[in-house]
Structure formats: C-alpha cells, structure tokens
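To start, the structure itself, in structure tokens.
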Amino acid sequence: MRTAYTADQIRGAERTLMARLPEGTLMQRAAAGLASVCAHLLGQVYGSRVVLLVGSGDNGGDALYAGQRLARRGARVVAVLAGSKTHEAGLRALLDAGGRVAGPGDTREIDAADLILDGLVGIGASGALREPYARLAEQAGAAPGLVVAVDVPSGVDASTGRVEGAAARATVTVTMGAYKTGLLVDPGAKFAGRVELVDIGLAPYLPEPDVAALGRDDVAGLLPRPGAESDKYRRGVLGVAAGSHLYTGAAVLAVGGALRAGAGMVRYAGAEEPVAQVRAHWPEAVITQLRRPSVDDVGRVQAWVLGPGLGTDEWAHELAASVLASDVPVLVDADGLTLLALDSALLRRTAPVLLTPHAGELARLTGADRADIEADRLRHVRAAAAELGVTVLLKGSTTLVAEPSGAARVNVTGSSWLATGGTGDVLSGIAGALLAQGLSTYDAASCGAYVHGLAGRLAADGAPLTAAGVATAVPAAIRTVTSGSTLAENLPSRSRER
Ligand SMILES: NC(=O)C1=CN([C@@H]2O[C@H](COP(=O)(O)OP(=O)(O)OC[C@H]3O[C@@H](n4cnc5c(N)ncnc54)[C@H](O)[C@@H]3O)[C@@H](O)[C@H]2O)[C@H](O)CC1
Ligand SMILES: [K+]
C-alpha cells in the first residue's frame with residue numbers, strides 16, 4: 001500500500017526527525033537521492049547540461065546540493081537564482097564544485113539543458129506561483145530537456161494536488177521522505193510525472209496517512225476467491241437494474257462487467273428492449289422482463305447495481321425506489337445518481353450505499369460547482385461522503401474513493417484510454433460483483449477501480465479501446481493481480497502530456 005501525507009503532516013514528522021540529527025543531514029540525504037535519480041536519467045553525467053531553478057527556501061537548497069554532486073561528476077551546472085535570497089551554504093558548495101550562476105532573467109540555458117531541476121518551491125509554498133517563479137516553471141515545462149521536480153512540482157499544492165496558475169510539468173518528481181497527497185491526486189499527479197521516493201528516515205515519525213493507494217498485493221488479498229464449497233449463491237448474486245429503451249448498451253456493459261468480475265450469478269431486471277439485448281449478449285444472465293417498475297419478483301440478490309442507462313422518468317424513479325427499499329448494498333451510478341439528485345429521500349436507507357459519480361454527477365448531487373470539484377477532487381469527494389453518509393467513488397483521472405469517516409483511497413491503475421463511452425457501466429458491474437461477493441463498499445469500490453484500470457490498460461495496450469473490450473479484459477486483469485504477475489506493479493509511467 002502506498003501512503004501519502006499532507007504538507008503539514010510531513011513537516012511535523014520532519015521536525016521530530018531533524019531534532020535527532022546533526023544540522024543539514026536531511027538536506028544531504030535529499031540531495032544524494034536527487035543526484036542519483038538525475039544521473040540515472042541522464043545516462044552520462046559528464047558533459048551534460050544541467051540547469052537548477054533555485055527558489056529562496058530549502059527546496060532550492062536541495063537543488064543546489066544535488067547540483068554540486070552532479071558538477072563533481074563533470075556536469076555543466078548553471079543555477080538560475082529566482083528568489084530574493086538563496087541558500088548560502090548550498091550556493092557555495094555548487095560554486096566550489098565548478099557550477100555557475102545566472103539571474104532570473106538569464107534563461108537561455110533552460111532551452112539548451114539536458115535536465116532542469118525544479119527547486120523553486122516545495123512543501124513551503126503557499127498559493128499560486130509568483131513571478132519570476134511562474135514564468136520559470138512554465139519555461140521549464142515547455143523546454144525540450146527532462147524536468148525533475150524537487151519534492152513536488154512547483155505550482156502544485158503538495159497537500160491537495162490543486163494547481164492555481166502556472167506549475168512545472170515534470171518528467172519525474174523526486175519526493176523526500178514520503179509521498180505527498182498532491183502527487184497522487186490530479187491535477188497535481190499529471191504534473192508530477194513518475195514519482196520516485198527518497199528515503200530520508202522519516203517513516204517512523206509519520207502519522208496516520210492522509211490517503212492510501214492500494215497496491216497489487218492489497219487487492220490480491222481483498223479479492224474474493226471461490227472456495228471448494230462455493231456454489232453460485234455463495235459466490236454472490238448481483239442484481240442489475242439498468243438500461244432503458246433508449247440506452248440498451250449500458251445494461252449489456254454493466255452485466256458484462258459483473259459476469260467477468262466473478263459474480264456467482266447476475267440477475268438482470270429491465271424493460272423489453274434492454275432485456276432483448278442482454279439476453280442476446282449474455283445467455284449466462286438470469287433475466288426478468290419487468291411489467292411494472294418494481295424488483296419485488298426478481299428473486300434474492302446479495303447486492304444491486306442501479307442506474308446505468310436507466311433514464312430519469314417516473315418509471316425509472318419508481319424502479320430506483322424499489323431497489324433502494326431492499327436491505328442489501330446498492331451501487332448507484334449514472335441516471336441513478338440523477339434520480340438521487342432530484343429526490344434525496346431515496347437515500348434514506350440503512351443498508352450500505354456506494355455512489356460512483358463523475359465530477360458532473362457529483363456537482364448535481366451536492367450543488368458544488370463542477371470546475372471546483374475538478375480542481376480539488378479529494379476535498380469534494382470527502383465532503384460528499386461525509387454529507388451524504390455513504391461511500392463515494394469519484395471517477396475521472398485518478399479515481400478517488402472516500403468514506404463518511406474521511407478515510408480516502410486513490411487508484412493508480414487508471415489511464416486516459418479509459419475516458420471513453422461505456423467504461424463507467426463496466427466499472428459498475430465490476431464493483432457491484434465485488435459487493436455481491438461480500439466486500440465492503442469501500443473495498444469493492446477501490447478494488448473495482450483497480451481491476452477496471454488494469455483491464456483498461458490490457459485492453460488498450462497503447463491503442464484506443466472500447467468499453468466491451470475492457471469488460472473482456474477483466475478476467476486477465478484479475479489473473480494479473482492474483483497470480484503475482486509483475487504487470488500490475490510495473491505500470492507504464494504517465495507519459496508527459498504536452
Ligand atoms: N525541512 C526538512 O526537514 C527538509 C526539507 N526539505 C526540502 O525543503 C522543502 C521545504 O522547504 P521550505 O524552506 O520550508 O519551503 P520551500 O522551499 O518550499 O519554499 C519557501 C519559500 O518559497 C517562497 N514562496 C512560498 N510560496 C510561494 C509562491 N507561491 N510563489 C513564490 N514564492 C513562494 C517563500 O517566500 C519561501 O521563501 C521541501 O519541499 C524539501 O524540498 C528536504 O529536502 C529534506 C528535509
Ligand atoms: K519544486
């Protein structure tokens with residue numbers, strides 16, 4: 001499990017650790033880690049051109065000492081001093097090793113650099129980058145060389161991932177002591193690129209993490225595996241109330257996701273048109289064609305998926321009310337969420353609820369502004385879970401899952417290939433199948449997002465995918481998780497998007 005912390009949490013731990021060590025020890029550990037990642041990226045250090053963007057705080061100090069180490073190995077290092085002051089000892093060390101200095105206006109070197117080290121600001125930053133930092137951060141991101149961010153990309157809020165104004169777009173972020181939440185949550189995660197952690201001895205002093213990202217082993221441990229005594233009922237029966245005469249595909253995809261994710265049985269309930277489509281695609285599903293908007297005669301299920309393609313008319317509303325009146329966990333997605341936004345009384349139930357909105361659907365549910373949600377995803381998903389008293393999975397780049405208690409997880413397997421129609425319906429089916437097999441809403445949502453992301457990567461393999469292709473790849477994704485294949489751990493790094 002990868003754990004991440006807010007800037008305040010890191011600062012607290014650093015203070016405790018620093019008090020036990022000779023002055024300057026942590027900065028030297030940070031600089032050694034930074035220099036080693038830079039050397040690895042450069043391949044050949046001798047003769048390479050390295051530009052340091054140096055701010056006035058300790059983030060700049062880290063960059064200067066890393067620059068010293070690279071200069072000692074023969075790199076041509078130039079420090080662009082951007083702040084009103086500069087870490088003095090670090091600057092002396094760089095100059096002694098043969099490095100040079102340039103003013104903030106002298107930026108010709110940036111475009112010619114093989115590697116730019118962004119040491120403008122780290123966890124001590126507040127608010128949008130001021131000049132000349134903002135201009136330098138943008139110039140670095142647009143330059144052809146590699147950009148290595150020191151601790152966090154300057155301009156990204158380390159605690160939230162928020163980006164107000166300019167920020168440095170990094171190839172790699174070398175972060176000190178522990179992951180910062182803002183490196184795992186978008187938009188910050190996009191700016192961070194690949195994140196490398198440098199051990200500076202902070203671990204024993206860290207508090208409870210702010211967020212966690214499940215790893216393959218965690219998911220393997222949580223995914224249900226059928227035992228010798230399992231029959232289809234024990235493996236979990238999922239009910240799916242989805243699709244309408246207008247949207248038949250959503251029903252097909254949700255049922256497909258559920259069957260591929262190992263539900264013992266899927267009971268589909270819907271109107272005539274989607275019933276015909278589900279029957280044609282999935283002979284395995286047990287189908288009830290509804291004459292009235294009620295699931296009373298559908299038979300026993302252990303969980304429901306409600307909403308994909310359901311429509312929002314009176315019939316859909318009554319069907320939603322009937323599903324939510326049951327005493328089993330319900331996952332609500334898509335049109336089901338719109339119905340909840342129109343009639344919040346539907347949510348008055350005691351059995352568990354998992355909502356799976358994207359930012360627009362969450363905006364409708366909570367009244368928050370969609371752009372505000374996208375800018376500060378973690379805060380909004382936590383607020384929604386607390387306010388509504390249910391588990392909320394916020395879809396989108398870096399999918400987040402929050403509990404009413406404030407506990408939150410971020411999924412690391414997603415990719416931009418998944419941003420295509422119908423993949424959300426498949427996710428409902430996968431997470432619903434996990435709910436039916438007995439996972440809590442929190443675990444079903446986080447494991448579902450993990451498997452879905454992995455299936456997307458397998459289905460895409462560097463090319464466009466379809467939602468049906470994602471559903472087809474779900475068994476291979478589960479196999480990857482449970483068989484210990486290295487694919488899940490060696491996820492392709494996020495490529496630099498320009
Ligand atoms: N403390 C430790 O044990 C270690 C810290 N490391 C590194 O230090 C930074 C944090 O350093 P700090 O001096 O606290 O703050 P920063 O360098 O991040 O920035 C403070 C500096 O920047 C100015 N500033 C703040 N906001 C802005 C802005 N929006 N625009 C322009 N300028 C801004 C402010 O005035 C201050 O002067 C941490 O990230 C690590 O990189 C270690 O490496 C290890 C130990
Ligand atoms: K930085």
Side-chain angles (χ1 to χ4, degrees), residues 5-35 37-38 51-67 69 79-90 104 115-138 140-141 147-159 162-183 188 191-193 195-203 205-206:
Y5 303 81
T6 64
D8 281 347
Q9 289 180 309
I10 302 268
R11 225 191 305 277
E14 271 177 353
R15 234 176 282 139
T16 318
L17 173 59
M18 236 176 339
R20 293 169 155 75
L21 294 169
E23 206 187 319
T25 308
L26 290 187
M27 195 173 274
Q28 289 309 324
R29 287 181 186 170
L34 261 173
V37 172
C38 292
V51 169
L52 316 176
L53 303 180
V54 181
S56 54
D58 284 355
N59 198 249
D62 290 354
L64 288 165
Y65 280 115
R69 286 166 189 264
V80 175
L81 305 182
S84 50
K85 56 185 188 337
T86 303
H87 193 284
E88 265 182 48
L115 189 146
I116 302 156
L117 208 47
D118 157 31
L120 291 170
V121 279
I123 59 171
S126 59
L129 284 183
R130 297 188 288 274
E131 293 300 350
Y133 290 29
R135 177 172 51 79
L136 289 169
E138 290 211 311
V147 178
V148 175
V150 181
D151 211 17
V152 283
S154 301
V156 169
D157 185 306
S159 303
R162 211 182 162 138
V163 174
E164 277 179 78
R169 203 173 265 282
T171 323
V172 175
T173 294
V174 180
T175 205
M176 315 308 167
Y179 292 98
K180 282 84 195 165
T181 300
L183 301 177
F191 283 84
V195 183
E196 301 264 354
L197 180 63
V198 172
D199 182 8
I200 58 169
L202 209 58
Y205 308 100
L206 290 167

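The model shown is predicted, which means the values in this text are computed figures rather than measured ones. We count ligands from 1, going down the list as the structure has it; atoms in each ligand are counted the same way.
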* Structure fact -> Heavy-atom closest pair (Leu34 atom, Asp62 atom, distance to 0.1 Å) is CD1-O, 3.8 Å
* Structure fact -> From the list Asp8, Thr181, Val152, Thr6, side chain to side chain contact (heavy atoms under 4.5 Å, CB included) partner of Ser159 resolves to Thr6
* What angle sits at the K ion (ligand 2) between O of Val152 and O of Val121, to 10°? -> 90°
* Asked: Strictly under 3.4 Å, is any N, O or S atom of Gly55 next to the K ion (ligand 2)?
  -> no
* Under 3.4 Å from the K ion (ligand 2), is there an N/O/S atom belonging to Ala63? -> no
* For ligand 1, would you mind listing the residues that have at least one heavy atom less than 4.0 Å away, ordered by chain and number? => Glu14, Met18, Leu26, Ala30, Ser56, Gly57, Asp58, Asn59, Asp62, Val121, Gly122, Ile123, Gly124, Ala125, Ser126, Gly127, Ala128, Leu129, Arg130, Tyr133, Asp151, Met176
* To do: Indicate the atoms forming the closest heavy-atom contact of Leu129 with Ala134, along with that distance.
  => O-CB, 3.8 Å
* Please state whether the separation between the K ion (ligand 2) and some N/O/S atom of Leu120 is under 3.4 Å? => no
* Where at least one partner belongs to residues 22-31, residue pairs that pass salt bridge (charged side-chain N to carboxylate O under 4.0 Å, His left out), sequence neighbours excluded -> none
* **Nearest to the K ion (ligand 2) - the N/O/S atom of Asp118, by atom name** => O
* Asked: Ile10 and Ala178: which non-hydrogen atoms are nearest, and at how many Å?
  -> CD1-CB, 3.7 Å
* Asked: Do any N or O atoms from the side chain of Glu14 and from the backbone of Met18 form a donor-acceptor pair under 3.5 angstrom?
  -> no
* Asked: Looking only at atom types and distance, does a side-chain atom of Ser56 sit under 3.5 Å from a main-chain N or O of Gly83, one as donor and one as acceptor?
  -> no
* Pro132 and Pro104: which non-hydrogen atoms are nearest, and at how many Å? -> CG-CB, 3.9 Å
* Asked: Measuring to the K ion (ligand 2), does Asp151 have an N/O/S atom at a distance below 3.4 Å?
  -> no
* Asked: Counting N and O atoms only, with roles assigned by atom type, does the side chain of Asp118 sit under 3.5 Å from a partner on the main chain of Val147, one being a donor and the other an acceptor?
  -> no
